Amino acid sequence: MPSLASARYGKDNVRVYKVHRNQETGVQTVTEMTVCCLLEGAIETSYTQADNSVVVATDSIKNTIYIKAKEHPVHPPELYASHLGQHFLDKYAHISAAHVKVVVHRWTRMEIDGKPHPHSFYRDGEEKRTVEVAATRDGISIKSGINGLTVLKSTGSAFHGFVRDEYTSLAETWDRILSTDVDATWAWKTFPTIAAIEEGVERFNAAWESARNITMKTFAEDESASVQNTMYKMCEQILEVVPESEVIGYSLPNKHYFEIDLSWHKGYKNTGKDAEVYAPQSGPNGLIKCEVSRS
Ligand SMILES: O=c1[nH]c(=O)c2[nH]c(=O)[nH]c2[nH]1
């Protein structure tokens with residue numbers, strides 16, 4: 001006899017833009033985000049018995065995403081996502097969890113003639129600020145993150161001492177290019193209520209800035225022995241400077257740049273210490289992941 005093992009539903013890819021107009025200064029501030037909101041609860045009969053009386057339509061969920069963006073600040077995204085998730089618990093007794101994911105797209109203020117422009121912005125990269133909220137009747141859990149921050153260092157990275165056997169063709173290296181697309185997350189201790197999130201809400205921006213700075217400074221300055229070791233050093237530091245974080249996670253592709261032997265052409269030296277022209281690889285790539293928590 002089959003039974004519904006798990007179920008959630010809602011609206012995905014809801015694009016939202018909000019502007020704040022400072023009437024005194026004339027300065028406008030914009031936020032653009034993509035939202036996913038999925039509900040869980042006593043909704044089994046909608047799947048098993050065609051009972052739509054338990055279904056809050058995904059169209060209504062989409063409307064709620066817009067309405068909550070009107071009613072509440074959308075920045076920091078942790079606060080907006082929590083208000084949105086909590087709404088479904090407060091409004092519908094049969095809903096037990098709301099899973100909200102917010103991806104914030106970059107609109108960086110233009111500097112024109114050395115001055116910040118009051119209402120013009122540009123996309124300075126595909127890096128995203130991300131938030132995943134699970135609002136339940138036991139509290140609100142939040143995982144914040146950075147995604148798609150592409151970085152490269154042209155030296156200061158080695159990889160040697162790894163397993164060598166009949167499957168190994170990779171040469172050891174003491175100097176290589178290191179490049180990755182940073183996917184970093186930091187999970188907060190569970191917040192009991194929205195009030196606990198609102199109290200000291202600046203913690204979220206401070207943590208994002210710290211995580212971003214630590215990621216880039218460690219990437220740049222570490223004499224990297226491996227992706228594994230460098231990412232662990234990032235995790236350690238974020239745990240230290242964000243006291244309310246519980247688990248730090250990284251998922252880093254190792255985007256390979258291969259040397260090209262050009263000796264066949266006029267005897268050009270282009271390998272080892274003479275390497276200048278490389279072939280960036282689209283794939284396959286290494287993929288290195290870890291999560292680090294407090295012991
Ligand atoms: O930093 C690295 N870690 C690995 O596990 C690995 N494996 C590999 O082929 N190159 C690398 N580089």
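On a predicted model such as this, the values are computed, not experimentally measured, just so you know.
Judged by distance alone, with hydrogens and angles left aside, the side-chain atoms of H256 form a donor-acceptor pair with the main-chain N or O of G286 at under 3.5 Å. Of the possible polar contacts, none joining the D222 side chain to the T218 backbone as a donor-acceptor pair under 3.5 Å is found.
Pairing each heavy atom of A135 with each of G85, the nearest pair is CB-C, 3.7 Å. Across all their heavy atoms, M234 and T215 have their closest contact at CE-O, 3.4 Å. Nearest heavy-atom pair, Y80 versus I65, reported as atom, atom and distance to 0.1 Å: OH-O, 2.7 Å.
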Task: Audit row: K18, T31, side chain to side chain donor-acceptor pair (under 3.5 Å) steps and yes/no - done: CA-CA 5 Å; K18 186 175 185 183; T31 304; over 6 Å; no

Task: S82 vs F191, side chain to side chain contact (heavy atoms under 4.5 Å, CB included): CA-CA, chis, key distance, verdict - done: CA-CA 10 Å; S82 300; F191 295 93; over 6 Å; no

Open item on the list: Before you tell me yes or no, could you show the steps for H117 and Y122 under side chain to side chain contact (heavy atoms under 4.5 Å, CB included), namely the whole-Å CA-CA distance, both residues' side-chain angles and the distance that decides it to 0.1 Å?
Closed with: CA-CA 11 Å; H117 195 271; Y122 66 107; over 6 Å; no

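In this structure, a donor-acceptor pair under 3.5 Å is absent between the side chains of D138 and T136. Checked by atom type, the side-chain pair T130/N147 shows no donor-acceptor distance below 3.5 Å. Between S210 and N213, the side chains place no donor N or O within less than 3.5 Å of an acceptor N or O (distance only, hydrogens not considered).
When side chains are defined from C-beta on, R129 counts as touching P77, because their heavy atoms get closer than 4.5 Å. The closest side-chain heavy-atom distance from E78 to V133 is not below 4.5 Å. Residues F219 and L178 are in side-chain contact: their nearest non-hydrogen atoms beyond the backbone lie under 4.5 Å apart. At a threshold of 4.5 Å between non-hydrogen side-chain atoms, the residues N205 and H75 count as touching. Contact annotation: the side chain of K273 never approaches that of D175 to less than 4.5 Å [non-hydrogen atoms, C-beta and beyond].
For E126 and K128, the salt-bridge test passes: some basic side-chain N is under 4.0 Å from an acidic carboxylate O. Between K153 and E221 no salt bridge is recorded (no basic side-chain N to carboxylate O distance below 4.0 Å). Look at E246 and K189 and you find no salt bridge, because none of the NZ, NE, NH1 or NH2 atoms lies under 4.0 Å from a carboxylate O.
Within a 6.0 Å radius of CD in E166, more than 12 heavy atoms belonging to other residues, nucleotides or ligands are found. Residue E240 places its CD atom among 12 or fewer non-hydrogen atoms of other residues, nucleotides or ligands, all under 6.0 Å distant.
Note: F162 and F159 have parallel aromatic rings, judged against thresholds of 30 and 60 degrees for the angle between ring planes.
At least one cation-pi condition fails for K68 and Y66: the charged atom is not both under 6.0 angstrom from the six-membered ring centre and inside a 45 degree cone around its axis.
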